[in-house]
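Proteins come first, then strands; the chains are lettered A, B, ... in the order of their sequence lines, and each starts at number 1.
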2 protein chains.
Amino acid sequence: MVTIYDIAKRANVSPMTVSRVINKSPLIKESTRLKVEAVIRELDYVPNKQARSLTSKETRLVALVIPDISNPFFTNVARGAEDKALQLGYHLILGNTDENPDKESQYINMLMSAGVDGVLLVPSGEASASHVKKLVKRNIPFVYVDRTIPQVPADSISGDNFQTTRQLTQHLIALGHRKIALINGPSSLSNVRERDQAFRETLQLAGIEPNPAYMIETHFKQDNLGEIIAKLVSLQQGERPTAILAANNFIGVNTLRALRTLQIRVPEEMAVTCFDDPDMIPDYNPFLTVAKQPAYDMGFLGMQLLIERIQSGAPAATRKIVLPSELIIRSSTGKPQDGN
Amino acid sequence: MVTIYDIAKRANVSPMTVSRVINKSPLIKESTRLKVEAVIRELDYVPNKQARSLTSKETRLVALVIPDISNPFFTNVARGAEDKALQLGYHLILGNTDENPDKESQYINMLMSAGVDGVLLVPSGEASASHVKKLVKRNIPFVYVDRTIPQVPADSISGDNFQTTRQLTQHLIALGHRKIALINGPSSLSNVRERDQAFRETLQLAGIEPNPAYMIETHFKQDNLGEIIAKLVSLQQGERPTAILAANNFIGVNTLRALRTLQIRVPEEMAVTCFDDPDMIPDYNPFLTVAKQPAYDMGFLGMQLLIERIQSGAPAATRKIVLPSELIIRSSTGKPQDGN
DNA sequence: TATTATTTTGTTATCGGTAACAATAAAATA
DNA sequence: TATTTTATTGTTACCGATAACAAAATAATA
């Protein structure tokens with residue numbers, strides 16, 4: 001490996017002078033700079049970041065810890081985060097937690113050891129608090145994306161869960177639905193709690209009393225919702241919900257799949273809508289009515305917040321950015337059938 | 001930051017002893033090991049990888065350089081690569097090139113400086129040769145994924161372009177199509193050349209002479225194919241193709257979009273099929289007939305090849321893995337209409 | 001118990017850079 | 001020309017860990 005010592009010898013200067021040239025120090029004579037630069041090019045020298053980090057204390061590595069890159073929502077978050085990181089000269093390390101706090105904890109440990117300058121984190125629940133505190137203790141900046149751990153304050157960027165839930169619920173109500181089920185994620189997630197609350201409030205504002213049988217808690221992963229859906233549709237005639245609001249794209253798709261198995265037509269017999277588009281490339285065969293959250297922007301802006309913190313260009317107080325989402329009405333929602 | 005020196009002082013041993021404990025050296029007395037481990041836990045010590053890398057010459061960082069994580073094909077590659085990397089104790093750095101050789105070159109430079117131990121690369125064309133050679137020069141192992149640069153040999157993992165193209169083409173021929181257009185990527189990509197060749201051969205084997213007007217070269221990015229498709233369908237009556245084979249998912253989707261704009265029905269007036277499923281979650285509203293390449297496996301196995309090379313557990317000769325794909329027949333392909 | 005062998009621990013130098021200070025060369029001033 | 005400033009360059013020590021060798025502590029043997 002070519003080092004500054006090799007360059008120094010060949011250019012007949014001291015290593016320190018080479019270091020100064022590399023770092024564009026202004027107190028270098030033009031002639032020596034040219035001489036050194038020539039040798040650098042000649043030997044194809046690339047500075048060793050490990051050695052630099054040892055004194056500078058920064059690695060220019062940041063991590064993005066998300067549940068699953070396969071979820072199109074997080075794919076877009078990742079792309080946004082990567083674009084901003086590249087722009088500011090940082091490298092992005094990717095980690096999938098699968099909503100598993102243990103895996104998340106393992107990751108955080110590895111990342112601290114790898115010396116990342118900061119972390120963009122989608123926490124997997126209350127259980128994340130303990131390892132997030134480790135980041136605080138080590139003074140490693142981090143930014144919450146999509147969800148937060150209220151006990152451990154930090155900058156955050158997320159969708160407007162209240163506005164979005166209201167929008168989707170009101171869309172269904174406006175179509176005439178009054179028996180609406182909410183299939184939500186685990187209540188250990190802050191965004192889940194907000195969606196739950198907004199859902200209840202919106203119903204009540206419309207004079208509909210929330211029905212506990214319609215409030216279902218599951219998780220945000222790819223999975224089989226057969227039982228849950230079967231139970232819902234097997235409710236007494238007149239009790240069966242006419243619409244389902246899925247709290248994320250995986251739940252939305254799994255709901256459709258379960259309904260198909262049960263041979264229940266969408267939207268005729270059951271309207272379905274969800275948070276986040278399940279499609280990366282939605283425009284060729286759009287079907288689901290969704291509330292599309294600005295995933296790319298969340299990643300992009302989140303990375304910006306993070307790097308500002310890293311470079312201490314951020315105010316002391318934690319910042320909270322909430323982005324609105326867009327309701328996209330397609331064909332999975334319609335009026336309820338007569339008799340319901 | 002807590003260092004081995006802090007641990008050493010507190011445990012009344014030398015730093016070297018601490019180092020030995022951390023590295024599980026067998027020549028440490030049980031009692032001192034326990035004593036040191038206690039202090040390590042007490043002070044919440046995490047070893048500094050930068051310092052380690054300085055002597056060990058390895059960072060346990062690997063990079064995945066792909067065109068665009070937003071393409072579901074590469075999303076799956078990424079997930080596979082990350083899973084394997086984690087399993088073997090490596091961190092994955094993600095880079096999007098957007099099929100742009102300059103951006104790719106910039107990345108490779110940054111990655112070399114970051115000291116990655118290896119690179120999983122989807123090269124963006126012949127122009128990649130120059131920066132790939134830099135990796136060779138620096139002795140940084142890399143593995144080609146999906147495509148290769150034949151001038152610069154290295155391990156590779158890709159789909160079976162011949163078998164897959166044959167499958168798709170034969171599927172169309174079996175349906176009765178004889179006028180089939182191939183909308184391919186840029187011929188600077190090895191997989192594009194293979195698909196082109198396999199397409200011609202399959203046609204000829206069926207006694208169909210490839211029509212130059214049906215062989216179109218574009219690129220693999222999200223884009224508007226309006227003009228290209230308009231030109232195709234405006235061909236003389238009896239000359240217009242009845243089927244389109246798109247060489248990747250983006251082209252497939254863009255083709256559908258352009259056909260819809262032109263109000264041409266799929267599959268009645270035009271059958272459409274493509275490489276790679278455009279859907280991350282395809283099972284809720286499947287439409288496109290596709291040849292699904294095992295993207296996850298490509299990432300997973302590719303990472304395995306790479307890390308074997310890094311740890312010099314690989315044979316000297318370059319290895320080439322070719323994976324078969326699966327034909328998924330859905331509703332975007334059908335028999336050609338009468339009169340064609 | 002003295003001596004040798006074996007365990008276990010400590011010292012020193014090094015990895016490739018850079019900060020802090022020292023020294024030299026060139027330019028400005030007396 | 002001698003002296004002071006200023007512009008450049010060089011030296012030394014250190015970042016945190018580890019390899020290579022040295023030394024001390026303990027156990028085994030005579």
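Between C/dG16 and A/Thr3, no contact under 4.0 Å exists linking OP1 or OP2 to a side-chain N or O. The side chain of A/Thr55 contributes no N or O atom lying less than 4.0 Å from OP1 or OP2 of C/dG17. Side-chain nitrogen and oxygen atoms of A/Lys29 include none within less than 4.0 Å of the OP1 or OP2 phosphate oxygen of C/dA25. OP1 or OP2 of D/dT18 lies within a sub-4.0 Å distance of a side-chain N or O belonging to B/Arg52.
Distance OH (B/Tyr5) to P (C/dG10): 13 Å, rounded to an integer number of Å. Between the CG atom of A/Asn48 and the P atom of D/dC15 there is a distance of 18 Å, rounded to whole Å. When the P atom of C/dT7 is taken as reference, atom CZ of B/Arg33 falls 17 Å away, rounded to whole Å. As a whole-Å value, the separation of A/Leu27 CG from C/dC21 P is 15 Å. Rounded to an integer number of Å, the gap from CD of A/Gln50 to C1' of D/dT18 is 16 Å. Distance NZ (B/Lys49) to C1' (C/dC15): 18 Å, rounded to an integer number of Å. Separating the CG atom of A/Asn23 from the C1' atom of C/dT18 is a distance of 8 Å, rounded to the nearest angstrom.
Using a 4.0 Å cut-off between charged nitrogen and carboxylate oxygen, B/Arg79 and A/Asp68 count as a salt-bridge pair.
Evaluated for a side chain to side chain contact (heavy atoms under 4.5 Å, CB included) with A/Met303, the options A/Ile157, A/Val143, A/Leu92 yield exactly one hit, A/Leu92.
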